[in-house]
Amino acid sequence: MTAKLILGKEVSEEIYGELKERIQALKAKGTTPGLAVVLVGDDPASQVYVRKKGEMCESLGMKSLTVIMPEETTQEELLAKVAELNADPSIHGFLVQLPLPPHIDEGAVIDAIDPAKDVDCFHPSNVGRMLIGNPDFLPATPAGVQQMLIRSGIETAGKHVVVVGRSNIVGKPMAAMMVQKGKGADCTVTIVHSRTKGLSEITSKADILIVAIGKPRFITADMVADGAVVIDVGTNRIEDPTHPKGSRLVGDVDFESVKEKASYITPVPGGVGPMTICMLMANAVRAAEKVVG
Ligand code: GUN
């Protein structure tokens, strides 16, 4: 079997089409949804993400504010910026790009964000709401994975989902979402991670395998069941002297071997990647809709 590809670009285009209509409806009521992104320091990867988020906002006709603060910004200065954005009625949602410089307490910054504007869904109150099945927002990357499953017509009810990785940004919320009642969920969920014993026996029993462990080509064909749906959230840059840049991106899944066994697979790049910004935009639109009603 050669797996069908699930492409984030295609799925996100469909969602952007829906978002544009919702943005028009908000504008007709006199509100332009506004999203702000705060970047502290000059991490090159973060600079790329922040620029892409700003560009996407503008292309959808939303208000975009990018706040760039120097590496030596103090915690008090960053908390003051968060308070300012919490109070700004033209900004419906915002996020503080992670990672933050080591002298800043990430948890304290996330706690200070107004949960109604927390489009990352990182605030403990939003994480809790998601866990009890009454979310205001869903975290962008797991929500993107769920949309890819739903919009590819993949049945999830009663399926065994194995999530590989336990990060707060992907693994834990992904598992919490797939175990809920409802569309794109109703799954039996297992989380495995770096300390799991017999990991490959568990992954090879998955109907749907969602991999976010941050290790290049960690999942090989022998760890995957015939006909499984394989979603690769990893993006790892590896050296490749044959490539013009001297390096290239690979996922956490060994795509070449696993695609021969899976029924569906997401490539890297071009798979889950484009979904994260898309779902962030969806959260910003939702934040504005909650204010406008
Ligand atoms: N750094 C890597 N991914 C993310 C994300 O989704 N949100 C924020 N705020 N920072 C990140």
Side-chain angles (χ1 to χ4, degrees), residues 15 19 22-23 26 29 31-40 46 49-50 53-54 56-57 60 62-67 69 73 75-100 104-147 166-182 184-185 275-293:
I15 297 172
L19 289 179
R22 289 163 63 189
I23 292 164
L26 283 163
K29 292 183 185 170
T31 296
T32 299
L35 175 70
V37 177
V38 181
L39 173 61
V40 183
S46 292
Y49 291 135
V50 166
K53 287 170 191 171
M56 186 53 75
C57 249
L60 291 172
M62 291 168 47
K63 175 185 155 106
S64 164
L65 175 67
T66 302
V67 180
M69 303 178 82
T73 300
Q75 173 137 337
E76 289 65 35
E77 286 165 335
L78 181 55
L79 289 173
K81 179 54 73 179
V82 167
E84 186 187 319
L85 293 168
N86 281 342
D88 182 342
S90 75
I91 296 299
H92 300 92
F94 69 97
L95 62 88
V96 179
Q97 185 69 26
L98 304 180
L100 286 167
I104 295 181
D105 176 353
E106 230 163 66
V109 173
I110 291 170
D111 282 353
I113 296 172
D114 177 352
K117 295 192 176 190
D118 170 37
V119 285
D120 260 335
C121 194
F122 287 174
H123 191 284
S125 114
N126 284 324
V127 177
R129 293 187 73 100
M130 176 196 55
L131 192 66
I132 62 172
N134 183 23
D136 271 342
F137 298 112
L138 292 172
T141 303
V145 169
Q146 190 177 44
Q147 287 300 318
R166 55 173 161 178
S167 70
N168 288 338
I169 297 187
V170 184
K172 281 190 260 182
M174 189 80 243
M177 285 168 60
M178 298 310 287
V179 81
Q180 301 297 329
K181 291 184 178 166
M275 296 303 296
T276 300
I277 289 183
C278 177
M279 300 316 292
L280 177 70
M281 298 297 140
N283 278 345
V285 172
R286 180 166 168 79
E289 286 169 345
K290 282 183 78 79
V291 173
V292 173

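Just so you know, residue 1 is the first one in the sequence shown, and it goes up from there. Predicted model only: the values in this text are computed from it and were never measured.
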Which heavy atom of [X] sits nearest to which heavy atom of [Y], and what is that distance?
X: Ser64; Y: Gly54; answer: OG-CA, 3.5 Å
X: Gln146; Y: Met177; answer: OE1-CE, 3.2 Å
X: Gln180; Y: Gly133; answer: OE1-CA, 3.3 Å
X: Leu35; Y: Met281; answer: CD2-CE, 3.8 Å
X: Leu138; Y: Ala143; answer: CB-CB, 3.8 Å
X: Ala287; Y: His92; answer: CB-O, 3.4 Å

Sub-4.5 Å side-chain heavy-atom contact between [X] and [Y]:
X: Val285; Y: Ile23; result: yes
X: Phe122; Y: Leu98; result: yes
X: Leu19; Y: Met62; result: no
X: Leu78; Y: Leu100; result: yes
X: Cys57; Y: Pro33; result: no
X: Ile15; Y: Met275; result: yes

Next on the checklist: Between Val96 and Ile110, does the side chain to side chain contact (heavy atoms under 4.5 Å, CB included) criterion hold? Intermediate values first, please.
Outcome noted: CA-CA 8 Å; Val96 179; Ile110 291 170; over 6 Å; no

At what distance, to the nearest 0.5 angstrom, does [atom1] of [X] lie from [atom2] of [Y]?
X: Glu289; Y: Lys29; atom1: CD; atom2: NZ; value: 8.0 Å
X: Cys121; Y: Ile169; atom1: SG; atom2: CD1; value: 11.5 Å
X: Asn283; Y: Met279; atom1: CG; atom2: CE; value: 7.0 Å

Item to check | Pairs satisfying salt bridge (charged side-chain N to carboxylate O under 4.0 Å, His left out), at least one member in residues 104-130, at least two apart | outcome: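 Salt bridge (charged side-chain N to carboxylate O under 4.0 Å, His left out) check on residues 104-130 returns Arg129-Asp136.
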
Item to check | Residues which pass salt bridge (Lys or Arg N to Asp or Glu O under 4.0 Å) with Glu77, listed by chain and number, not counting sequence neighbours | outcome: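 Checked Glu77 against salt bridge (Lys or Arg N to Asp or Glu O under 4.0 Å); zero matches.
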
Checklist entry - Listed by chain and number, what are the salt bridge (Lys or Arg N to Asp or Glu O under 4.0 Å) partners of Lys172, not counting sequence neighbours? => result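 Result, salt bridge (Lys or Arg N to Asp or Glu O under 4.0 Å) vs Lys172: none returned.
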
Next on the checklist: Has Gln75 got a side-chain atom pairing as donor or acceptor with Val109's backbone, closer than 3.5 angstrom?
Outcome noted: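 No, the answer is negative, given that no donor and acceptor are paired below the 3.5 Å cut-off.
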
Item to check | Pro135 backbone acceptor or donor facing Asn126 side chain under 3.5 Å | outcome: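 Absent.
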
Next on the checklist: Between Glu84 and Lys81 (salt bridge meaning N to carboxylate O under 4.0 Å), is one present in this structure?
Outcome noted: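 Answer for the salt bridge query: yes.
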
Next on the checklist: Walk me through whether Leu280 and Met56 qualify under side chain to side chain contact (heavy atoms under 4.5 Å, CB included).
Outcome noted: CA-CA 10 Å; Leu280 177 70; Met56 186 53 75; over 6 Å; no

Item to check | side chain to side chain contact (heavy atoms under 4.5 Å, CB included) between Thr31 and Val291, worked out | outcome: CA-CA 9 Å; Thr31 296; Val291 173; over 6 Å; no

